[in-house]
Amino acid sequence: MGQLKKYSWIFSIIFIVCMLTSFFPVFIQLGEARYLGLFSWNHSFTRADLALYWAPVWYQDTHSSDPSELDYITNFNFDGNWRGNDNWDNLYSYDLKAYIYFSVVETETHWFIGYYDFHPRDWTHLWSPADCHENDMEGVLLVITKTGDYGSLLLMETEAHNHIYQYSNEALADGTDNIDGDVESEYLSTPASQGGTLWNYHPLVFVEDQGHGVHGNDDWNKDDFPGNDGVVYKPRGIVELGLDDKYYPEGIAEEPSGRNDRDVGYALIDIGAKGDLWDRRFNIGEGDTYGAFGKFDGDDYMDDAASTPWRWDDGDDGPTFTGEIFYNPADMVDQHLNGLGEFDHDYVYNPYCIRVTINTYEVKWDRDGSNDLSDGYLNLHMVDGEGHFTPDDGVLDGDSGSQFSWIGWDFPRYTEINMSDRIPRSFYGIRYPGQYYFGFKSRDWDPGSGDEWLMGDYNGGYHEEDYLHMYGSELREGMHFLDWGGSNVWITLAGDVGDDDEEAPYFILDSAYSHPELVPSNYSGSITFSVNLTDASGISEAVFEFKGENDQNWTREQATMENNPIDPGHGFILRYNMNQTTWTNYYNQTIYFRWWAMDNDDERPDDALDAYSPVFEGPEIEPAPEPIIPLWMLIIIGLVIAFLISFVIFVKRKK
């Protein structure tokens with residue numbers, strides 16, 4: 001009886017709940033989900049704020065026997081023009097206010113922030129013709145793990161004289177390169193766009209005099225500069241470029257008072273800002289900004305000898321490619337070191353690269369015999385910062401870079417294979433003037449058999465010997481069908497290429513519109529909503545939104561997307577399955593719905609086109625069936641049962 005008393009009220013409550021839920025299912029309606037598209041920036045700060053938050057403190061050594069201005073950091077157009085071949089001569093004629101260029105690219109797991117320091121001269125106190133040249137740019141790459149807010153510093157890489165060094169306070173393992181030291185830091189404040197200041201630790205970098213190579217472990221903050229003189233540059237804000245090509249400072253750019261100034265403010269400049277260095281990358285010629293792609297124009301001592309970051313390369317850091325520190329840092333970093341943890345390679349923001357994604361692959365020919373189907377083998381060749389195609393085996397091969405090797409054994413003929421699982425990543429190159437964007441080799445993987453060419457063009461006994469198909473500026477951004485006779489692929493091309501988006505996505509309700517007009521209350525399955533969608537350059541994301549006729553807000557859910565066989569590549573079928581636990585929230589209501597889609601402009605947020613469909617009237621949900629016993633009676637019965645159990649316990653106790 002003691003146990004009965006102990007559990008009586010629990011039994012009563014369970015009984016009531018069970019009775020209620022048997023007739024009146026209780027569902028929790030979540031609020032409208034926040035959908036993050038490829039360009040959504042789910043932070044209160046901008047990418048420029050992020051760059052300012054992590055901006056290094058630059059310990060710039062100055063040479064004691066020559067004018068200190070030779071080692072001052074400044075901007076390329078300090079002399080008021082964008083010519084590269086007069087900076088050597090104009091060094092003493094203009095103010096040398098301190099600026100650092102920056103860039104930000106982003107994956108799902110990390111930010112990669114580049115910082116680039118410019119000097120008008122690279123020099124030696126011996127003035128050796130082999131060691132001096134006009135203009136000089138070195139720099140730093142910070143790898144920031146997205147751990148919340150501004151993230152945490154995983155790795156710092158610095159560039160000095162065509163060599164890249166690695167620094168980290170984490171337990172990273174060697175890859176094709178190794179850790180050269182720890183990251184030193186200094187606690188100081190920087191302005192924040194939200195108002196006030198942010199106090200945080202800023203990494204320290206140490207810049208040589210004369211040649212200006214950047215390192216991370218010289219510790220001049222502890223042991224003082226060589227010769228006991230140097231300039232310490234600290235971040236003081238960001239500047240923006242106006243339409244008249246003048247900088248309007250939100251931050252402070254100061255000029256050192258001399259060779260031993262230990263507190264000089266510098267301002268950050270977005271290297272990709274309109275009218276600045278990246279925007280001018282094709283301004284090449286004598287007396288222009290560049291003398292060659294990625295090489296500043298210069299005519300003092302060595303010609304055109306100073307490189308921008310998209311032309312940097314380390315000759316002994318393994319199979320990485322020229323300029324990847326700028327346009328493809330995720331692949332480079334993953335080559336250099338191991339133990340990086342969760343580390344994504346696909347960029348959600350990168351305006352500096354060309355991106356190729358392989359969507360489908362189809363093999364048509366088989367000349368290996370009935371018992372030996374063709375083995376489809378793809379090579380993809382991208383262009384690097386020197387204008388070179390990646391090595392002969394391409395980037396779709398495990399022997400080159402942190403890439404991906406793929407062979408499809410015994411490939412079924414005339415079957416369009418979805419490649420999203422087989423090659424689950426994209427590949428990156430850079431747009432080099434006068435060069436193709438990329439090249440494909442598609443072949444049968446039978447080395448030495450004589451029929452490797454069978455995926456290529458074969459007509460009347462002729463076949464291609466090199467199997468390489470090149471593509472360039474004739475392709476616009478979006479999805480493309482590449483047909484090689486014996487095989488073909490659908491690809492998506494995005495990034496720094498021509499943009500073919502002139503219209504937003506367009507929605508059509510036709511035979512695919514499959515939901516019923518009336519959903520009976522005794523139905524227990526899902527309701528399928530679908531729509532046809534077209535867009536010239538393909539679709540990157542699509543969602544489904546719905547609400548009841550009495551609701552004010554829309555609920556947003558991810559939609560599934562399939563190629564439309566009638567218009568593959570440009571036409572899609574969007575579907576959403578609404579399960580019973582969702583649609584039963586709308587008894588005695590009509591459900592209204594709409595679709596949203598974004599096209600493939602997922603590298604340039606400013607020109608991304610998205611569109612909503614019209615609002616459509618969906619199915620009417622029949623009223624819920626009346627319960628056999630009214631709710632008020634169920635409650636009374638439950639309370640009576642609970643009272644009777646308690647009364648019995650009380651009477652037994654009195655006896």
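Hydrogens, waters and symmetry mates are skipped; everything else that's a heavy atom, side chains included, is used.
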Would you say the side chains of [X] and [Y] form a donor-acceptor pair under 3.5 Å?
{"X": "Tyr116", "Y": "Ser103", "result": "yes"}
{"X": "Asn328", "Y": "Tyr347", "result": "yes"}
{"X": "Arg281", "Y": "Asn283", "result": "no"}
{"X": "Asp317", "Y": "His336", "result": "yes"}

### Task
In sequence, state the C-alpha distance, the side-chain angles, and the governing distance for Thr555 and Glu545, and then conclude on side chain to side chain contact (heavy atoms under 4.5 Å, CB included).
CA-CA 5 Å; Thr555 296; Glu545 294 187 344; over 6 Å; no

Can you see which heavy atom on [X] is nearest to which on [Y], and at what distance?
{"X": "Gly237", "Y": "Leu52", "result": "N-CD1, 3.7 Å"}
{"X": "Pro433", "Y": "Phe293", "result": "CD-CD1, 3.4 Å"}
{"X": "Asn228", "Y": "Arg262", "result": "O-NH2, 3.5 Å"}
{"X": "Pro203", "Y": "Met156", "result": "CB-SD, 4.1 Å"}
{"X": "Asp344", "Y": "Thr109", "result": "N-OG1, 3.0 Å"}
{"X": "Leu50", "Y": "Val104", "result": "CD2-CG1, 4.3 Å"}

Tell me if a side-chain donor or acceptor on [X] pairs with a main-chain N or O of [Y] at a distance below 3.5 Å.
{"X": "Asp261", "Y": "Asp263", "answer": "yes"}
{"X": "Arg236", "Y": "Ala253", "answer": "no"}
{"X": "Arg311", "Y": "Thr322", "answer": "no"}
{"X": "Asp384", "Y": "His388", "answer": "yes"}
{"X": "Asp209", "Y": "Asp61", "answer": "no"}
{"X": "Thr62", "Y": "Ser68", "answer": "no"}
{"X": "Asp270", "Y": "Gly272", "answer": "yes"}
{"X": "Trp312", "Y": "Ser307", "answer": "yes"}
{"X": "His133", "Y": "Asp122", "answer": "no"}
{"X": "Asn162", "Y": "Asp314", "answer": "no"}

### Query
Would Trp123 and Asp71 count as a side-chain hydrogen bond (donor to acceptor under 3.5 Å, both in side chains) if you check the C-alpha gap in whole Å, the side-chain angles of each, and the deciding distance to 0.1 Å?
CA-CA 9 Å; Trp123 64 288; Asp71 294 313; 3.2 Å; yes

Hey, could you give me the [atom1]/[atom2] distance between [X] and [Y], rounded to the nearest 0.5 Å?
{"X": "Ile238", "Y": "Asp49", "atom1": "CD1", "atom2": "CG", "result": "5.0 Å"}
{"X": "Thr176", "Y": "Gln335", "atom1": "OG1", "atom2": "CD", "result": "5.0 Å"}
{"X": "Glu157", "Y": "Tyr167", "atom1": "CD", "atom2": "OH", "result": "10.0 Å"}
{"X": "Arg594", "Y": "Phe546", "atom1": "CZ", "atom2": "CZ", "result": "12.5 Å"}
{"X": "Glu255", "Y": "Asp95", "atom1": "CD", "atom2": "CG", "result": "5.0 Å"}
{"X": "Glu170", "Y": "Ile179", "atom1": "CD", "atom2": "CD1", "result": "10.0 Å"}

Report yes if some heavy atom in the side chain of [X] is under 4.5 Å from a heavy atom in the side chain of [Y]; otherwise report no.
{"X": "Tyr428", "Y": "Tyr352", "answer": "no"}
{"X": "Arg431", "Y": "Tyr327", "answer": "no"}
{"X": "Tyr233", "Y": "Pro256", "answer": "yes"}
{"X": "Asp316", "Y": "His163", "answer": "yes"}
{"X": "Tyr201", "Y": "Val183", "answer": "no"}
{"X": "Tyr115", "Y": "Leu268", "answer": "yes"}
{"X": "Pro56", "Y": "Tyr266", "answer": "yes"}
{"X": "Phe225", "Y": "Val231", "answer": "no"}

#### Entry: Close aromatic pair by centroid cut-off 6.0 Å: Tyr612 and Trp595
no

### Task
Would you sort out whether Lys234 and Leu188 count as a side chain to side chain contact (heavy atoms under 4.5 Å, CB included), showing the intermediate values?
CA-CA 9 Å; Lys234 299 180 180 181; Leu188 52 83; 4.1 Å; yes

### Query
With a cut-off of 6.0 Å (strictly less than), are more than 12 heavy atoms of other residues, nucleotides or ligands near NZ of Lys97?
no

### Message
Can you tell me if Asn338 has over 12 outside heavy atoms packed within less than 6.0 Å of its CG?
### Response
yes

### Salt-bridge criterion met for Arg425 and Asp331 (N-O under 4.0 Å)
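Looking at Asp331 together with Arg425, the answer is yes, because their closest N to O distance falls below 4.0 Å.
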
### Query
Can you say whether the rings of Phe296 and Phe118 are parallel (under 30°), tilted (30 to 60°) or perpendicular (over 60°)?
perpendicular

### Task
Please work out which of the three classes, parallel, tilted or perpendicular, describes the rings of Tyr150 and Phe45, given edges at 30° and 60°.
parallel

### Task
Check step by step if side chain to side chain contact (heavy atoms under 4.5 Å, CB included) holds for Ile271 and Phe326.
CA-CA 11 Å; Ile271 201 169; Phe326 180 75; 4.1 Å; yes

### Message
Apply side chain to side chain contact (heavy atoms under 4.5 Å, CB included) to residues Trp111 and Trp54 and explain how you reach the verdict.
### Response
CA-CA 11 Å; Trp111 289 300; Trp54 287 106; 5.6 Å; no

Can you give me every donor-acceptor pair (side chain of residues 213-220, partner residue at least two apart or in another chain, under 3.5 Å) with its distance?
{"unit_1": "His215", "atom_1": "NE2", "unit_2": "Glu208", "atom_2": "OE2", "d": "2.8"}
{"unit_1": "Asn217", "atom_1": "ND2", "unit_2": "Asp180", "atom_2": "O", "d": "3.0"}

Output side-chain donor-acceptor pairs under 3.5 Å for residues 134-147, partner residues at least two apart or in another chain, one line each.
{"unit_1": "Glu134", "atom_1": "OE1", "unit_2": "Asp299", "atom_2": "N", "d": "3.0"}
{"unit_1": "Glu134", "atom_1": "OE2", "unit_2": "Asp86", "atom_2": "N", "d": "3.3"}
{"unit_1": "Glu134", "atom_1": "OE2", "unit_2": "Asn87", "atom_2": "N", "d": "2.9"}
{"unit_1": "Glu134", "atom_1": "OE2", "unit_2": "Trp88", "atom_2": "N", "d": "2.8"}
{"unit_1": "Asn135", "atom_1": "OD1", "unit_2": "Asn87", "atom_2": "ND2", "d": "2.8"}
{"unit_1": "Asn135", "atom_1": "ND2", "unit_2": "Gly84", "atom_2": "O", "d": "3.0"}
{"unit_1": "Asn135", "atom_1": "ND2", "unit_2": "Asp297", "atom_2": "O", "d": "3.0"}
{"unit_1": "Asp136", "atom_1": "OD2", "unit_2": "His212", "atom_2": "ND1", "d": "3.0"}
{"unit_1": "Thr145", "atom_1": "OG1", "unit_2": "His110", "atom_2": "NE2", "d": "3.2"}
{"unit_1": "Lys146", "atom_1": "NZ", "unit_2": "Glu106", "atom_2": "OE2", "d": "2.5"}
{"unit_1": "Lys146", "atom_1": "NZ", "unit_2": "Thr107", "atom_2": "O", "d": "2.6"}
{"unit_1": "Thr147", "atom_1": "OG1", "unit_2": "Ser152", "atom_2": "N", "d": "3.4"}
{"unit_1": "Thr147", "atom_1": "OG1", "unit_2": "Ser152", "atom_2": "OG", "d": "3.4"}

